Participant: 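For reference, the structure I am asking about is given below.
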There are 2 protein chains.
Amino acid sequence: MATSDLIGEIRNSFDSLHASEAAIAQLVIDNPDRVTAMNISQLAEFSETSVATVVRFSKALGFKGYPDFRMALVGEVSRRNSTTGAISNLDGGITIDDSDEEIIRKIALADAIAIQSTAERLDVATFKKVVNAWGKARTVGIIGLASSGYVAMDLQLKLNRLGKPAIAWRDAHSALTSISLLNKGDVLVAVSHSGTTLDIVDVMNEFKARGVTIVLITNSHRSTSTTIADLTLYTSARETTFRSGATASRIAQLTVVDCLCVAMAQRNWSETKSALEISRAAVGSRSGKKVVTNKHPKPVKTRNQGGNK
Amino acid sequence: MATSDLIGEIRNSFDSLHASEAAIAQLVIDNPDRVTAMNISQLAEFSETSVATVVRFSKALGFKGYPDFRMALVGEVSRRNSTTGAISNLDGGITIDDSDEEIIRKIALADAIAIQSTAERLDVATFKKVVNAWGKARTVGIIGLASSGYVAMDLQLKLNRLGKPAIAWRDAHSALTSISLLNKGDVLVAVSHSGTTLDIVDVMNEFKARGVTIVLITNSHRSTSTTIADLTLYTSARETTFRSGATASRIAQLTVVDCLCVAMAQRNWSETKSALEISRAAVGSRSGKKVVTNKHPKPVKTRNQGGNK
DNA sequence: GTTTCTCAAGAAACTTTTTTTCATCGGCGA
DNA sequence: TCGCCGATGAAAAAAAGTTTCTTGAGAAAC
């Protein structure tokens, strides 16, 4: 399993790490290549912690265990040495001196990397379980606040298009007042970048008490929500200075949601319908945008045609 | 031993390998990335040999043992993918036979590429004009239908955070009834993948008649909207066989919106720093994160809290 | 034709590494 | 001060990897 920006990801998770885990993290950030050469006990000794803590550290970052983490690190280091540049200058977020070109380049890169590493790190077993759970549920509830609320609504739109009853809520109160809509066997999808928002935690707890299966889409490997959720899918977006990681993570969330819906569409239709119909159903947005209007033979002149930087 | 071309090296050593070792070698050459995911016994089984032979194979190649070899392979594969992978295999379409892994990979790739090429092609001159227009406007109106509506709402949220009055509409009727909110010098942002939706065109025309500056974010270079708009920013999501570009384009739209907002934030750095911090603080107070300031008596278990209203 | 030798290859014993479990300790609220 | 919670490391358990041992096929010698 190779990640696109492991060091950045470690830096990003720093806050959610315990003291001794953070010590390890610092060590890894400072001497990535020395660490690649160490086995778990050596790293434990080097960091003056214990092997158990190293394992916990690896898991907190979303790896299966230490060897898993180590291999990802090897990949990263190896790539770093070969490419030089590309990844490294992503490090320092956006500064006041950046030109517009740089802003665009940096944000686009951060978004693209967030998507790629989310996809690489996505646990396919959990992914399959989520799709299955959706398939079995009579109704799917979705909750997301603020930006994540739009992801929730987007998911509702997509599920509805696939013929699956789904309701998106954008605040805890609405969700809780409609709680009787979901019952045992149904699914609640919680979308939350941090996974620590109290409203989200409340809603998850209430629905879980009803026997509803809880699916969580979050960026944090260690938050209160992950312990409540039955199935958790992680996004991998890192924070930058001027722009909270939430923005990139929302984009990653959308990608995850897209993948889930396409997979679900594929499952439901593969026997009976043609591939074209799958795509039409799975696609986010036909959105009333019929291309009929283009009959007007206006000699359209495109202003910024082909403009490159 | 870190080789620059491990696969080539294996090929070289082929002659000096015994029969069953050669079988392993062939396997590694053919599926390097699958092998990186295997531990010694899995590789032994996959190659229909024994673990002992795998160890001998590793040593024959000059490694200390299997883990050593495996890590070298991880490095090699990772390097390979980073240099060649990204753009080369953008076939894109999803088929009925695709595994979940392939679905995820393809969608993520399509999204990442959409973002990157949008960023590369974005016309910076227009970009600057849009940011300036926003800066001067007293109010910014935003219209987007269906999926694009979420982008519109997201933009509203971001502008509001930056202290700029903004209203997002998700249908033509709401927009037109609130038309008096915008006047000469203000800005209407229209978000539309196809750029041909009649409702959008109507709204643009009405606002333009009032002297409002029209900004269009679209994927289509040939649509009626582009002729109406004063400033057009193009996203570059390519259509693929089985998945319309709309989904990827929405993600690209978000990236564009992000870039614009960050650029705008940067223009008035000092003011926004505090504005952002204020909004962030407002959100943060509802977070159960173990920030030191949190005095909540019970951070997690909110089972019977309030409950049914 | 039989015997013996050699050596690749797998099985099994053994070692190392990693993971899990469990007890401890220190901080924090009551 | 007491009791609870949770981070931490020690130690037991499990997994992965390595070495040794045995087998058996083929070649060479008798």
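In what follows, every chain begins at residue 1, and chains take the letters A, B, ... in the order their sequences are listed. Being a predicted model, the structure only gives us computed values, none of them experimental.
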Participant: How many Å lie between CD1 on A:I40 and P on D:dA10, as a whole number?
Facilitator: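 From A:I40 CD1 to D:dA10 P: 14 Å.
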Participant: Taking the side chain of A:A19 as its heavy atoms from C-beta onward, which of D:dT8, D:dT18, C:dT20 lies nearest to it?
Facilitator: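 In terms of side-chain proximity for A:A19, the closest of D:dT8, D:dT18, C:dT20 is D:dT8.
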Participant: Separation of B:F69 atom CZ from D:dT18 atom P, in whole Å?
Facilitator: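 Going from CZ in B:F69 over to P in D:dT18 covers 12 Å.
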Participant: In whole angstroms, how far is the C1' atom of C:dT17 from the CG atom of A:N39?
Facilitator: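 Distance check: A:N39 CG to C:dT17 C1' gives 7 Å.
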Participant: For the side chain of B:V51, starting at C-beta, report the closest nucleotide among D:dG17, D:dT18, C:dT17.
Facilitator: D:dT18
Participant: Please indicate whether A:E48 has more than 12 foreign heavy atoms, meaning atoms of other residues, nucleotides or ligands, lying under 6.0 Å from its CD.
Facilitator: no
Participant: Write down the distance between CD (A:E48) and P (D:dA7), rounded to a whole number of angstrom.
Facilitator: 21 Å
Participant: According to a strict under-4.0 Å criterion, is A:T53 in side-chain N/O contact with OP1 or OP2 of D:dG9?
Facilitator: yes
Participant: Is the distance between the ring centroids of A:F69 and A:F57 less than 6.0 Å?
Facilitator: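 Close enough - the centres of the two rings lie under 6.0 Å apart.
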Participant: Measure from CG on B:L43 to P on C:dA9 and round the result to the nearest Å.
Facilitator: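 It works out to 15 Å between those atoms.
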Participant: For the pair made of CD in B:Q42 and C1' in D:dA15, what is the distance, rounded to whole Å?
Facilitator: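 Taking CD of B:Q42 and C1' of D:dA15, I get 12 Å after rounding.
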Participant: Among C:dT19, D:dG9, C:dA9, which is the nearest nucleotide to the side chain of A:Y66?
Facilitator: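 Selected nucleotide (nearest to the side chain): C:dT19.
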Participant: Mind checking whether A:Y234 and A:R121 have side chains closer than 4.5 Å, heavy atoms only?
Facilitator: no
Participant: Can you measure B:H18 atom NE2 to C:dG10 atom C1' for me and round it to whole angstrom units?
Facilitator: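 Atom-to-atom, B:H18 to C:dG10, this comes out as 14 Å.
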Participant: Ignoring hydrogens and angles, does a donor from either the side chain of B:R70 or the base of D:dG17 sit under 3.5 Å from an acceptor on the other?
Facilitator: no
Participant: Under 4.0 Å between a side-chain N/O of A:S41 and OP1 or OP2 of C:dT17, yes or no?
Facilitator: no
Participant: Within the structure shown, what part of the strands sits under 4.0 Å from A:A44 by heavy-atom distance: base, sugar-phosphate, or nothing?
Facilitator: nothing
Participant: For the helix from C:dG1-D:dC30 to C:dA30-D:dT1, figure out the bend between the end axes, five pairs an end, and round to 10 degrees.
Facilitator: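 Here the helix ends are tilted 0° relative to one another.
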Participant: I want to check something: taking the side chain as every heavy atom from C-beta on, are A:T218 and A:L233 in contact at a cut-off of under 4.5 Å?
Facilitator: no
Participant: Return whichever of A:R56 or B:K59 has its heavy-atom-nearest nucleotide of DNA chain D closer to the 5' end.
Facilitator: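 Its nearest nucleotide lies further toward 5', so the answer is A:R56.
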Participant: If you measure from OG on A:S78 to CE on A:M71, what distance do you get to the nearest 0.5 Å?
Facilitator: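 Rounded to the nearest 0.5 Å, the OG-CE separation comes out at 13.0 Å.
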Participant: Looking at the rings of A:W169 and A:F207, which for Trp means the six-membered one, are their centres under 6.0 Å apart?
Facilitator: yes
Participant: Regarding A:T255 and B:D111, is there a side-chain donor-to-acceptor distance under 3.5 Å anywhere?
Facilitator: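 There is such a pair (donor and acceptor under 3.5 Å, judged by atom type) between the side chains of A:T255 and B:D111.
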Participant: Calculate the interatomic distance between B:K64 atom NZ and D:dT19 atom P; express it in whole Å.
Facilitator: 10 Å
